[in-house]
Amino acid sequence: MAKFLDLASAVEEMVHDGDVLAMEGFTHLIPFAAGHEIIRQKRRDLTLIRMTPDLIYDQMIGMGCASKLIFSWGGNPGVGSTHRIRDAVENQWPRPLAIEEHSHAAMANAYEAGAANLPFAMLRGYIGVDLPKVNPQIRKITCPYTGEELATVPAIRPDVGIVHALRADREGNVLLEGITGCQKEVVLASKRTIVTVEEVVDDLRASSPNSVILPSWTVGAVVVVPGGSHPSYAHGYYKRDNSFYIAWDKVSRERDTFLAWMEENVMSKGPDAFAVHANGGAA
Amino acid sequence: MAKFLDLASAVEEMVHDGDVLAMEGFTHLIPFAAGHEIIRQKRRDLTLIRMTPDLIYDQMIGMGCASKLIFSWGGNPGVGSTHRIRDAVENQWPRPLAIEEHSHAAMANAYEAGAANLPFAMLRGYIGVDLPKVNPQIRKITCPYTGEELATVPAIRPDVGIVHALRADREGNVLLEGITGCQKEVVLASKRTIVTVEEVVDDLRASSPNSVILPSWTVGAVVVVPGGSHPSYAHGYYKRDNSFYIAWDKVSRERDTFLAWMEENVMSKGPDAFAVHANGGAA
Amino acid sequence: MSLSYKPNEMMTIAAARALRNDDVCFVGIGAPSAACNLARLTHAPQITLIYESGTIATKPNVLPLSIGDGELCDTALTTVSVPEMFRYWLQGGRMTVGFLGGAQIDRFANLNTTVVGDYHNPKVRLPGGGGAPEIATNCREIFIIMAMGKRAFVDKLPFITSMGHGPTGRERRALGVASKGPTRLITDYCIFEPDPETQEMTVVSIHPGATREEIIENCGWTPTFAASVAETRAPDALELEVLRDIQARTKAAHGG
Amino acid sequence: MSLSYKPNEMMTIAAARALRNDDVCFVGIGAPSAACNLARLTHAPQITLIYESGTIATKPNVLPLSIGDGELCDTALTTVSVPEMFRYWLQGGRMTVGFLGGAQIDRFANLNTTVVGDYHNPKVRLPGGGGAPEIATNCREIFIIMAMGKRAFVDKLPFITSMGHGPTGRERRALGVASKGPTRLITDYCIFEPDPETQEMTVVSIHPGATREEIIENCGWTPTFAASVAETRAPDALELEVLRDIQARTKAAHGG
C-alpha cells in the first residue's frame with residue numbers, strides 16, 4: 001500500500017545517490033516539485049531518464065545532480081535549446097554528462113517493456129539512420145516466423161520512478177487523466193516510486209470505468225503538492241505556463257542568471273511554493 | 001471513413017469463404033448478431049480466431065462455417081463444455097475442425113502485436129508446459145541483452161475483424177466502455193472490419209478524455225444492431241443473460257436440438273430479432 | 001454445538017482462509033472465485049481481486065458466472081484491456097497469489113485442463129489452458145482448489161496445461177522460474193502443501209470428519225502424509241453464513 | 001490587387017495546401033503544426049491531426065507551443081498513452097502523412113536534428129530525433145517544411161537523424177522500406193519534389209517574387225530544377241486571414 005509522506009521525506013527515502021531515476025510526464029504532469037526537492041537534497045550521480053528532458057532536467061543537470069542522461073528529444077519545446085543540458089554536454093559544466101540517446105518510439109517501447117517485465121523491446125524503427133552507430137544499446141532481432149529484422153532496445157527498469165498525477169483517494173489509489181504519456185508505465189516499471197498529486201479526496205471521481213488509475217499497492221509514496229507540476233500543467237487544475245517556458249530561455253542561457261534563479265526559486269523555497277500555481281484556473 | 005451498412009450487406013461485403021476471421025469481445029460485447037448473419041449467409045472454410053470461442057463459435061462451428069479454430073479457452077464459461085466444438089473436434093461433425101491452441105496470455109499478446117504492426121509477439125510464458133509440443137507456432141527468441149529465452153507467437157492479422165461496441169456517432173467514430181477485452185486490437189489488426197453498435201448518436205457521450213474510441217477511419221463498416229450482443233451484454237444497455245448460457249448446455253448437447261434451435265432462432269430470423277434484448281434493462 | 005456443512009463448503013472456506021488482507025490475487029472462475037470473495041467478505045476486506053477480463057480490485061455482490069460479468073466491471077477500481085492485463089499486471093509480476101482449479105492434478109501439482117487421451121485424437125476434449133499456463137509461473141505463489149477423486153487426482157497427467165513443480169518435482173527450479181509455484185492444494189477432504197525437499201504435495205491438514213482412508217481412496221497416487229497432520233478448523237457460523245448468502249444471491253441473479 | 005505577405009507565410013500556406021481532407025497526419029511542432037491547422041481551418045476541415053503526445057483528431061483553437069499542450073487534449077476525439085501512440089498508431093501504419101521539420105537537410109531529404117560536428121564531441125548539440133526516425137519510415141509519405149539557407153540546406157549531413165531517400169537516394173528502397181518517404185519539401189522560396197529516377201529533391205514550383213538565383217544562393221548543394229517549373233499560387237485573402245488569426249490567438253494565449 002502507498003504511504004502518504006511529505007515531499008522531503010519521500011525523496012529522502014526513495015531517491016539515493018547513483019540511482020537510475022525516471023521522472024515522466026509528456027509535457028503534461030511533469031513532476032517539477034519533486035525535481036526541486038531532489039536538487040535541494042543535493043543528490044549526485046543520478047542517471048536521469050526522460051523522453052523529453054524539458055526544463056526539469058535542465059534544472060537538475062545544471063545543478064549537478066546527474067552524471068548520465070537517457071533521452072530522446074532534448075529541447076525546450078517550441079522555444080529552443082535546453083541551455084544547461086547543452087552546457088553539460090558541450091562544456092562539462094557543472095560536471096560531465098554522459099548521454100544515451102534514443103528515438104521517442106524506442107523509449108516509449110522501452111518503458112512499455114519495463115512495465116510488462118520483459119527484458120527488451122522491439123520496434124520497426126531506427127531504419128537508415130545514424131543513431132545505432134553511436135548507441136551500442138540499439139541492436140537487432142530476427143522474427144522467428146518471417147525472418148524480418150527488428151530493432152531492439154533494453155527495457156527501462158528504473159530504481160526510482162517519479163510522476164505527478166491529478167489526485168489520490170485516502171487509500172492511495174491514484175488517478176491520471178488527459179495526456180497520460182508513459183506515466184503508468186514508469187510507475188509499473190520502477191522498483192520504488194513517488195507520485196505527487198494535486199489533492200487527496202474521499203472519492204477519486206473517476207469519470208469512466210476505464211479511467212487510468214494506479215492502485216495503491218503499485219505506488220510507493222503519495223505526496224500532496226498542489227501546483228507541483230508548474231510550469232507544466234494538471235488537466236482540470238491549471239494550464240501549462242507557456243510564458244514560463246519562453247522566459248526560461250533567457251534565465252538559463254547564462255550560468256550566473258541560472259544559478260541566481262535556482263537560489264531564489266528552489267534552494268530557498270519548499271514544496272509549498274508551488275501552491276500559488278494551483279490557483280491559476282482550470283486547464 | 002466508416003460506411004454505415006445494414007448487417008447483411010456488411011457481411012456480404014466484408015466476409016468471404018476461406019477468410020481468417022476474428023470476432024472478439026471478452027465475455028462483454030460479443031458480436032452475436034454478426035455471427036448469426038454469417039451463419040445465415042452460409043460462409044464456409046473460415047479460420048475462426050477468438051480467445052474464448054464461447055457460444056458464438058459453438059453456433060458457427062456447429063453450423064459448419066469453419067475449418068479451423070484458433071483459441072485459448074474453449075468452454076461455456078461457468079457452465080461446462082461447448083458441445084458443438086467438442087463434437088467437431090472429437091467426431092468431425094458437421095465437418096472436421098483443425099485447431100491451433102494457445103494460452104490467453106499468448107493470444108492477448110498476439111493481438112497486441114497485430115495492432116502494433118509487428119510480425120510476432122514475445123512473452124514470459126509457456127514455461128514447463130506441453131502446448132509448445134503440439135503447436136509448432138510457439139517458438140523462442142533470445143534477448144540480445146540478457147540472453148534470456150522468451151516464448152513467441154505470430155502476430156494475429158485477420159482478414160476480417162468483427163466486434164460489437166456501445167455506440168457510434170454520425171461520422172462513424174465508435175465508443176467502447178467497460179470490459180474492452182482485445183476489441184481495439186482486433187479492429188486495428190484486421191484488414192477489413194465490421195463494428196456492430198447499440199445505437200448511433202449525435203454525441204458519443206465519451207465520459208473521459210481517455211475513453212476507448214475507434215476513429216471512423218479505422219473502421220470499415222458500422223452497423224446498428226440494438227441488442228446485437230445478446231446473450232453477451234453491453235455495458236450500460238443490458239446485462240449478460242447468464243440464464244441463456246446455462247440453458248445453452250441442454251440445447252447444444254445433442255445435434256438435433258441444436259439444429260432445431262438454430263433453425264428457429266437464427267435461420268428464420270434477422271438482426272431485428274436482437275432488438276428485444278436491448279430493452280432488458282441497463283447493465 | 002457443531003454446525004452442519006458440506007465437504008464442498010469446507011473446501012471453499014479452507015481456501016478462503018489461506019488468503020491474506022494484503023494479497024493481490026488473480027482469480028479463476030468457479031471455486032477460486034467463491035473462495036476469494038468469501039475471504040474479502042470475512043477476514044480480508046482489503047484483498048485485491050483481479051480477473052483476467054481486466055477488472056482490477058473488484059468487489060462483486062454476486063459471484064460472476066463468467067470471468068467477465070458486468071458485475072465485475074461495475075464494482076472494480078478500474079478496468080484495463082486484456083492485453084494490458086496479461087502484460088503489465090500478470091507478467092508484470094504484481095500478483096501475490098494466483099488461484100487455480102483444474103480437471104486433473106498430479107502429485108507435483110501440475111494441472112491438466114486440456115485433453116484426456118492423445119492431443120491430436122482426444123478421448124475427451126477439455127476447455128484448454130486459458131490464463132493458467134502464465135498464471136502458474138508469473139504469480140508469486142499458487143493456491144489450487146479441487147475436489148478429490150481418482151479421475152481428478154491422477155498418477156500421471158496425459159497433458160501438462162500448467163506447471164506446478166514439474167513432472168518430477170524438480171523441473172520448476174531447473175527452469176529457473178523464480179516464483180514459488182503451488183504452495184497449497186485445498187480439497188474437500190484435506191489440505192496439501194509441497195514437501196520442502198521433494199516438492200510432492202503432502203497432506204498437512206485433514207478436514208473434520210474426513211479420514212486418511214478416504215483420502216487414499218480418492219487419490220490416484222499413494223498420498224504422503226506429513227509427520228504431523230493437523231485437523232482443519234471446522235467452518236464457523238460467520239463463514240458459513242457469508243458463503244451461503246453470496247451463493248444464494250448468485251443463484252438468484254443468474255436465474256439458472 | 002496583390003496582397004502583401006512574408007516568405008514564411010507563403011511557406012506555411014503552400015504546405016497547408018499539400019494536405020487533403022482525408023489525410024491522417026502525424027504533426028510535428030512549430031511550422032508543421034501551423035500548416036496542418038491552417039489546412040484544417042480552410043480547405044480540409046475533416047483532416048485528422050495526431051500529435052505524438054497521444055491526442056487523436058485534435059482541433060486546437062490556438063497553436064500549441066509544445067507537443068502536449070492542454071488545448072490538444074481538450075479538443076481531441078480521444079487521447080491515448082504515448083506507448084500506444086507509437087505502437088498502434090504510428091508503427092501501426094495508420095498515418096497517411098508525417099509532417100517534419102529539421103535543422104539540416106540534404107538533397108535526398110535526409111534530416112539532421114541531432115548534432116553538428118562529431119557526435120561524441122559536438123560543435124552544436126541539437127535537440128535530437130524525438131519521433132522523427134520512426135515517423136520518417138512508418139507514415140505513408142512525408143512532407144517537410146523548412147526555411148532555406150546554407151547552414152540548413154547542406155551538401156552532406158554530419159548526422160542522419162531521420163532517413164529521407166538515403167545518403168545516395170537509393171538506400172530507402174534498398175532497405176525495403178515500403179512507405180514513400182519525403183514526397184514534398186516546402187520552403188520559403190519554393191517547393192521541391194523527388195525526381196522519380198534519382199530521388200533528388202528537385203525544384204518544381206517557385207513562390208511569387210522568388211528567383212532561381214536566390215534558391216541557388218540559399219542552398220548548400222547545387223539544386224536541380226525540374227524541366228517545367230511552376231509558379232506557386234500566391235496566398236489568397238482567406239488563407240492569410242486564417243493563418244494570421246490563429247497566430248494572433250496563439251501569441252495572446254502563450255503570453256510570450
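Labels below follow one simple rule: chain letters A, B, ... track the order of the sequence lines, proteins then strands, and each chain is numbered from 1. What's counted below: heavy atoms across the whole structure, side chains too, no hydrogens, waters or symmetry copies.
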Does any backbone or side-chain atom of [X] lie under 4.5 Å from a heavy atom of chain A? Answer side chain, backbone, both or neither.
| X | value |
| --- | --- |
| D/S53 | both |
| D/N138 | side chain |
| D/E52 | both |
| D/E171 | neither |
| D/L65 | both |
| D/S81 | both |

From D/D69 CG over to A/N242 CG, what is the distance, rounded to the nearest 0.5 angstrom? 4.5 Å

Determine the option with the most heavy-atom pairs under 4.5 angstrom with chain D, choosing from [options].
| options | result |
| --- | --- |
| A/F71, A/Y245, A/Y111 | A/F71 |
| A/G74, A/A115, A/A106 | A/G74 |
| A/A121, A/P53, A/S72, A/A110 | A/S72 |

Closest heavy-atom pair and its distance - [X], [Y]:
| X | Y | answer |
| --- | --- | --- |
| D/P83 | A/E112 | CB-CG, 3.9 Å |
| D/I160 | A/G128 | CG2-O, 3.7 Å |
| D/R125 | A/E90 | N-OE2, 2.8 Å |

Specify which of D/P127, D/S66, D/G164, D/G166 makes the most heavy-atom pairs with chain A at under 4.5 Å. D/P127

Side-chain heavy atoms of [X] within contact of [Y], under 4.5 Å:
| X | Y | answer |
| --- | --- | --- |
| D/D74 | A/H235 | yes |
| A/N135 | D/Y119 | no |
| D/F86 | A/L123 | no |
| D/T137 | A/R124 | no |
| D/P122 | A/V89 | yes |
| D/V177 | A/I127 | yes |

Would you please go through residues 176-184 of chain A and name the residues with a non-hydrogen atom below 4.5 Å from one of chain D, in numerical order? A/G178, A/I179, A/T180, A/G181, A/C182

